[in-house]
Structures are given as structure tokens and as C-alpha cells.
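Reading through the C-alpha cells given below for one structure.
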2 protein chains.
Amino acid sequence: MNQIRRDVFQAISDPTRREIIDLLSVKTLNLNNVADHFTMSRPAVAKHIRILTECGLVTVRTQGRETLCQADLRGLKQVSDWANSYQKFWTEKLDALEKFLDEDMIPED
Amino acid sequence: MNQIRRDVFQAISDPTRREIIDLLSVKTLNLNNVADHFTMSRPAVAKHIRILTECGLVTVRTQGRETLCQADLRGLKQVSDWANSYQKFWTEKLDALEKFLDEDMIPED
DNA sequence: TGTAAGTGAAACCATACGGTTTCCAAAAAA
DNA sequence: TTTTTTGGAAACCGTATGGTTTCACTTACA
């Protein structure tokens with residue numbers, strides 16, 4: 001599993017990883033805790049978690065013999081911002097108005 | 001390029017496809033118009049566009065000898081909604097509370 | 001009519017991806 | 001001390017991915 005492109009968009013493209021994100025968004029878990037939610041092997045889950053850590057969505061810290069996995073989903077803001085920049089495509093009815101107001105309405109956090 | 005998983009998340013995971021999305025969000029273009037923006041070959045771009053059409057983000061219609069590619073980014077709402085469901089992770093206000101609650105929820109086993 | 005433009009499709013390629021099994025090491029519990 | 005829990009690491013595998021080149025077919029135009 002050599003990775004070259006390792007960004008948030010690629011990280012969330014896998015459904016298993018999105019599920020892991022969801023699990024960890026609720027509660028910090030160790031590796032086995034996470035793996036228990038899946039039918040796949042523990043090493044497979046470990047690899048997914050590693051990918052998530054490589055783009056910063058998950059942080060890991062060792063506590064005794066356990067590897068605690070904690071979500072840090074601030075990186076998803078990038079995804080939200082990107083998708084929202086095309087919001088006019090699903091906000092119907094306001095199309096013309098949206099276009100007109102677009103310059104002034106971009107929420108610059 | 002046989003595709004099995006073909007959903008929006010996977011479609012937007014490739015930077016080239018996000019760039020194509022951006023191009024088409026501004027203006028409908030034919031295949032060569034799109035390919036002119038990239039250094040890769042036209043067939044490569046055509047494959048990316050096909051992936052985008054397979055998840056509904058781009059629609060294609062033939063006009064004479066041209067293949068017009070038009071963005072239909074309503075499917076990105078799914079991405080926006082998903083990312084926004086974790087919005088608390090980058091909303092500063094609740095940060096401290098979140099961390100506090102999380103610390104108490106670490107499984108001890 | 002001949003030729004250029006625009007594209008689809010096929011064959012091919014290297015490597016990334018998602019998964020497995022196996023083995024080993026350290027920490028905790030018996 | 002022995003055994004169990006937890007997980008890292010390596011080797012391996014089939015397939016998906018992202019790209020290429022080549023060829024053929026329409027459509028438009030001179």
C-alpha cells in the first residue's frame with residue numbers, strides 16, 4: 001500500500017474509511033475496537049487508519065499496548081468548502097440571483 | 001479502467017477530475033476543449049469525463065461531431081452534507097468542550 | 001471529393017489499492 | 001512465569017486506476 005496522492009479527498013473516497021471516521025467522530029477507540037466493527041482483517045483496518053492519519057483526519061497515540069485512534073476532522077472543512085463552492089448547482093430557483101450576488105456572498109470564514 | 005465503486009466520493013478523489021469539474025462549472029465544453037487544459041492525452045481526459053458522467057456530475061450530449069460536456073453538480077450536495085455533518089470539528093466554539101468530553105470517553109478495557 | 005477535426009474504442013502498461021495470512025514483539029493479566 | 005491481548009511489519013495477491021499509443025469512424029469544411 002504505497003501511497004503517493006495522500007490528500008483528504010482521496011482519504012474519504014473509500015467507504016470503509018468514511019465509516020471509520022464516523023466511528024471515531026463519536027468516540028476514541030483503539031485499533032481492535034475499530035476492527036471489531038468490520039468483517040475485514042485487523043491489518044486491513046490498520047492500513048485504513050494509517051491513511052487517515054497521513055492526511056491528519058485521525059491522530060494516534062500509544063497508551064500501554066493500545067493504539068488509541070482519535071478523530072480530528074478539521075481537515076474536512078476543506079471538503080466542505082470545496083463542495084459548497086458549487087452550492088448554486090443544487091440551490092435551485094436562486095440561480096440568477098446567486099450568480100449576481102456571488103461575489104459578495106462568499107463566506108470567508 | 002473497469003469501475004466497480006462509482007460514487008461521487010470516489011469521482012472527486014482525483015485532482016484532475018476536480019479540475020475538470022471546475023472547468024465545466026464555468027462553461028460547457030467539448031472533449032477537446034477540456035483536454036486542451038491538460039498535458040495528458042485526450043483519451044485520458046475522456047476516461048475521467050466518463051467517470052464523472054457515471055456518477056452524474058457531468059452530462060454529455062453529442063452535437064454533430066462534438067461531445068459537449070456539461071456540469072451537473074447537484075451530486076456534490078451529498079459531499080457537502082456529509083462533510084458538514086462533522087462541522088463541529090472545525091467550529092472553534094465547541095472545540096474545548098469536545099476535547100473535554102472525548103477525554104472522558106476513552107475506553108479503558 | 002479529399003482532408004481535417006473530433007471522438008470512441010481497443011490493447012496495453014506500470015503501479016496503486018484493498019485485502020489477506022503469517023510471524024514477531026511488547027504489555028497486561030493469569 | 002506463562003499466557004493472552006494488542007498491534008506492527010512483511011510478503012503476497014488480484015484487481016482497479018490512470019495513463020499511453022494506435023486505429024477507425026463520423027462530421028464538417030475547402
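Note that the structure is a prediction, hence the values are computed from the model and not measured. Letters A, B, ... are given to chains in the order of the sequence lines, protein chains preceding strands, and every chain is numbered from 1.
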A:Asn84 and B:Ser80: side chain donor to acceptor below 3.5 Å: yes
Nucleotide nearest B:Lys47 when distance is taken to its side chain, options C:dG18, C:dA11, D:dG8: C:dA11
Whole-Å gap separating P (C:dA16) and CD (A:Glu54): 13 Å
A:Ile20 CD1 to C:dG19 C1', straight-line distance once rounded to whole Å: 13 Å
d(CD, A:Gln10; P, C:dT15) in whole Å: 18 Å
Pair B:Tyr86 + B:Trp82: ring centers closer than 6.0 Å: yes
Selected nucleotide, minimal atom distance to A:Met40 side chain, candidates D:dG18, C:dG19, D:dT20: C:dG19
Between C:dA5 (P) and B:Asn30 (CG): distance, integer Å: 13 Å
5' precedence on DNA chain C between A:Thr16 and B:Thr67 (nearest-nucleotide basis): B:Thr67
Gap between atoms CG and P, on B:Asp14 and D:dT17 respectively (whole Å): 11 Å
Heavy-atom pair with the smallest gap, counting every atom of A:Leu31 and A:Ala46: CD1-CB, 3.8 Å
Residue A:Ala46, side-chain atoms from C-beta onward, closest of D:dG8, D:dG18, C:dG8: D:dG8
Options C:dG6, D:dG8, D:dG7, nucleotide nearest the side-chain atoms of B:Asn32: C:dG6
Per A:Ile51 side chain, nearest of listed nucleotides C:dT7, C:dG18, D:dG18: C:dG18
Under 4.0 Å protein heavy-atom contacts per nucleotide of nucleotides 21-30 of chain D, with B for base, S for backbone only and - for none: B-----BS--
Contact under 4.0 Å: B:Thr62 side-chain N or O vs C:dT7 OP1/OP2: no
Smallest separation among heavy atoms of A:Arg17 and A:Gln10, with atom names: NH2-O, 3.3 Å
Closest approach of B:Gly64 to B:Thr62 (non-hydrogen atoms, all atoms of both residues): O-CG2, 3.4 Å
Interatomic distance, A:Glu19 CD vs C:dG18 C1' [rounded to whole Å]: 15 Å
Selected nucleotide, minimal atom distance to A:His48 side chain, candidates C:dG18, D:dG18, D:dG7: C:dG18
Partner residues of A:Asp36 under the side-chain hydrogen bond (donor to acceptor under 3.5 Å, both in side chains) criterion, sequence neighbours left out: none
Nearest heavy atoms of B:Ile49 and B:Cys69, plus distance in Å: CD1-SG, 3.8 Å
Gap between atoms CG and C1', on A:Leu31 and D:dT6 respectively (whole Å): 8 Å
Distance below 4.0 Å between B:Arg50 side-chain N/O and C:dA9 OP1 or OP2: no
Spacing of A:Leu68 atom CG relative to D:dT6 atom C1', expressed in whole Å: 11 Å
